[in-house]
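What follows is a short report on a single structure.
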Amino acid sequence: MQESDSKNQFIELAIRFGALKFGEFTLKSGRVSPYFFNAGVFSTGEAMATLGNCYAQAAQPMLEGLDGLFGPAYKGIPLATAAGIALRTRYDRDLAITFDRKEPKTHGEGGILLGAPLTGNILIVDDVITAGTAIRHSVDLIRDHGANPVGVVIGLDRCERGVGAQSAVEEVQTSLGLTVTSVITMHDIIEWLEMQPELNGSLQKMNAYREQYGV
Ligand SMILES: O=P(O)(O)OC[C@H]1O[C@H](OP(=O)(O)OP(=O)(O)O)[C@H](O)[C@@H]1O
Ligand SMILES: O=C(O)c1cc(=O)[nH]c(=O)[nH]1
C-alpha cells in the first residue's frame, strides 16, 4: 500500500464512521477546536482491519529492534491490537502487546498493566497528539516499568504547539528522544476540506485555529 493510499483510506474511514467531526470541541488541553477526531467510534471488524493496516504501514520504518507495542487506555487499546495483528499478518513481525488501565485495579490480579510485561523497546500506539500530555504519561509509565519507549505511532498529528513554542511532536522527539510518526496530519484534513466546497465554513475555522495553535 502506498502512503497516499493509506492516508486516503484513513480519512475516508474517519468520515464514513463519523470519527472526524467539524463543530466546536473542548480538548483535553482545554483548547477549543473546530474539529475533533474520535477514534472511539470505529466499531466493526473491517474498520479495525483498515486501521491496523494504516498504522502498520506508518510503523513499518520503526520496526528494527522493536520488542513491543503499548496501547494507552482507552482508545489506544484497540488501536495497538489492530496494529499488532496487521504487523504480524502483513510484515511477519509478532510483537508483544501491553495496555494500561486508567484506574489501578485493587482486587483480583490488581495493578495497572494488562497484556505482556513491559520489557525492551516499546512503540506507543495512540489515536492523536494535541499538546502531548497523554504521550508523556505513557512514556513515564513505560520507563517506570523498566522498559524503553522508542517511538510513537498515531493516527492524527494535529500539528499543534506543545507546552512551549515547539510543536507537541517536536517536543516529544527532542525532550523525550522518541521518533514520532502519524498516518495523517491536520494538513491532510485541510487538503481534504479544500475539496469539499460545502464545508468552506469549517475550512476557514480550521485555518483560524491553525493560526492560533498551529506551528
Ligand atoms: O496530546 P494530548 O493533549 O494529551 O491530547 C491527546 C489525547 O487526548 C485524548 O485522550 P483521552 O484521555 O481523552 O483518551 P480516551 O478517550 O482514550 O480515554 C486522546 O485519546 C489522546 O490520547
Ligand atoms: O486533544 C484532545 O483531547 C483530542 C483531540 C482529538 O482530535 N481527538 C481526541 O480524542 N482528543
Side-chain angles (χ1 to χ4, degrees), residues 7 10-11 13-15 17-43 47-48 51 54-55 58 69-83 97-105 112-115 122-142 149 151-176 178-190 192-193 202 205-206 208-210 212-215:
K7 283 180 191 285
F10 190 87
I11 292 180
L13 191 76
I15 297 295
F17 274 80
L20 189 55
K21 288 214 180 303
F22 302 96
E24 191 174 293
F25 306 92
T26 301
L27 306 183
K28 186 170 181 164
S29 53
R31 296 173 190 175
V32 179
S33 164
Y35 78 109
F36 193 78
F37 174 65
N38 178 12
V41 297
F42 293 119
S43 49
M48 297 317 295
L51 286 173
C54 292
Y55 272 78
L69 304 175
F70 177 71
Y74 291 100
K75 296 195 292 285
I77 296 176
L79 295 173
T81 308
I97 307 178
T98 310
F99 319 112
D100 66 342
R101 298 179 190 277
K102 284 219 173 184
E103 283 145 21
K105 185 168 171 178
I112 199 153
L113 294 181
L114 295 90
I122 304 295
L123 178 67
I124 300 167
V125 183
D126 206 358
D127 54 349
V128 51
I129 289 185
T130 304
T133 313
I135 293 301
R136 272 190 198 83
H137 174 77
S138 293
V139 166
D140 289 346
L141 187 79
I142 293 166
V152 181
V153 59
I154 43 172
L156 168 65
D157 173 6
R158 294 182 51 109
C159 302
E160 293 184 30
R161 285 204 312 268
V163 290
Q166 281 185 312
S167 80
V169 162
E170 280 164 357
E171 283 175 1
V172 170
Q173 295 186 142
T174 56
S175 67
L176 300 175
L178 272 65
T179 305
V180 182
T181 188
S182 67
V183 181
I184 63 166
T185 70
M186 184 194 63
H187 304 293
D188 297 309
I189 297 178
I190 287 182
W192 179 84
L193 273 176
S202 300
K205 286 182 187 153
M206 289 281 284
Y209 183 79
R210 181 167 60 170
Q212 192 176 5
Y213 291 114
V215 274

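In each ligand, atom 1 is the first atom listed, and ligand 1 is the first ligand listed. Note that the structure is predicted; figures quoted are calculated from it, not measured.
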Checklist entry - Does the pair Q166 and V172 meet the rule for a side-chain contact (heavy atoms from CB on, under 4.5 Å), with working shown? => result CA-CA 10 Å; Q166 281 185 312; V172 170; over 6 Å; no
Next on the checklist: Please determine whether side-chain contact (heavy atoms from CB on, under 4.5 Å) holds for the pair D157 and V180, giving the CA-CA distance in whole Å, both sets of side-chain angles, and the decisive distance to 0.1 Å.
Outcome noted: CA-CA 9 Å; D157 173 6; V180 182; 5.9 Å; no
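Using a 4.5 Å heavy-atom cutoff, the side chains of D126 and V152 are not in contact. When side chains are defined from C-beta on, D127 counts as touching F37, because their heavy atoms get closer than 4.5 Å. Counting heavy atoms from C-beta on, the side chains of L79 and L51 come closer than 4.5 Å. Contact of the L178 side chain with the V139 side chain is registered, since non-hydrogen atoms from C-beta on lie closer than 4.5 Å.
Near ligand 2, residues L27, K28, F36, F37, K75, D127, V128, T130, R158 come within 4.0 angstrom through at least one heavy atom.
Ion pairing between a basic and an acidic side chain is recognised when a charged N comes within 4.0 Å of a carboxylate O; R136 and E171 show such pairing.
When only modelled atom types and interatomic distance are considered, R158 and T185 share no side-chain donor-acceptor pair under 3.5 Å.
Across G132 and A168, no two heavy atoms sit closer than the pair N-CB, 4.0 Å.
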Under 3.5 Å: N or O atoms of ligand 1 paired with protein N or O:
from: ligand 1; atom 1: 1 (O); to: T130; atom 2: N; distance (Å): 2.8
from: ligand 1; atom 1: 1 (O); to: A131; atom 2: N; distance (Å): 3.1
from: ligand 1; atom 1: 1 (O); to: G132; atom 2: N; distance (Å): 2.7
from: ligand 1; atom 1: 3 (O); to: A131; atom 2: N; distance (Å): 3.0
from: ligand 1; atom 1: 4 (O); to: T133; atom 2: N; distance (Å): 3.2
from: ligand 1; atom 1: 4 (O); to: A134; atom 2: N; distance (Å): 2.8
from: ligand 1; atom 1: 12 (O); to: K28; atom 2: NZ; distance (Å): 2.8
from: ligand 1; atom 1: 12 (O); to: K102; atom 2: NZ; distance (Å): 2.8
from: ligand 1; atom 1: 16 (O); to: K75; atom 2: NZ; distance (Å): 2.7
from: ligand 1; atom 1: 17 (O); to: Y74; atom 2: N; distance (Å): 3.1
from: ligand 1; atom 1: 17 (O); to: K75; atom 2: N; distance (Å): 2.9
from: ligand 1; atom 1: 18 (O); to: Y74; atom 2: N; distance (Å): 3.3
from: ligand 1; atom 1: 18 (O); to: K102; atom 2: NZ; distance (Å): 2.7
from: ligand 1; atom 1: 20 (O); to: K75; atom 2: NZ; distance (Å): 3.4
from: ligand 1; atom 1: 20 (O); to: D127; atom 2: OD1; distance (Å): 2.9
from: ligand 1; atom 1: 20 (O); to: D127; atom 2: OD2; distance (Å): 2.8
from: ligand 1; atom 1: 22 (O); to: D126; atom 2: OD2; distance (Å): 3.0

